[in-house]
Amino acid sequence: GFGFYGADFVIDNDLDVWFIEPQHGCGLDEDHMFRVLMHNDLFTEMIDIVEEITLKQEAGEVVTSGLKNLGGYEYVYND
């Protein structure tokens, strides 16, 4: 079997990922419609961002040159 768990991460200037804290679950089991819609948007936008970064890396482009598919996320970069 498998399960979804929540976790917080930070990405530093070198694009290293640092684990901050775990959560027992990501709230998908809740029946509140706003949570269902929020998680749907979060997962869709997250997949779009990961796909764009992967394509940039494969093309040898600089990932920090700006992302187009941010959805509701903010792009924070200190050059």
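Bear in mind that the values here come from a model prediction, so they are computed numbers and not experimental data.
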For the student: nearest non-hydrogen atoms of K68 and E52, plus distance: N-OE2, 2.8 Å
CA sep, side-chain torsions, deciding dist, call: D16, W18, side-chain contact (heavy atoms from CB on, under 4.5 Å): CA-CA 7 Å; D16 292 324; W18 296 88; 3.8 Å; yes
Intermediate values then yes/no, side-chain contact (heavy atoms from CB on, under 4.5 Å), M46 and L42: CA-CA 6 Å; M46 179 181 62; L42 286 173; over 6 Å; no
T54: which of E51, K56, E58 passes side chain to side chain contact (heavy atoms under 4.5 Å, CB included): E58
Transitive ILVMFWY side-chain link L55 to V50, under 4.5 Å: no
hydrophobic_cluster_shared for I20 and I11, side chain cutoff 4.5 Å: no
ILVMFWY network linking V17 to F43, side-chain heavy atoms under 4.5 angstrom: yes
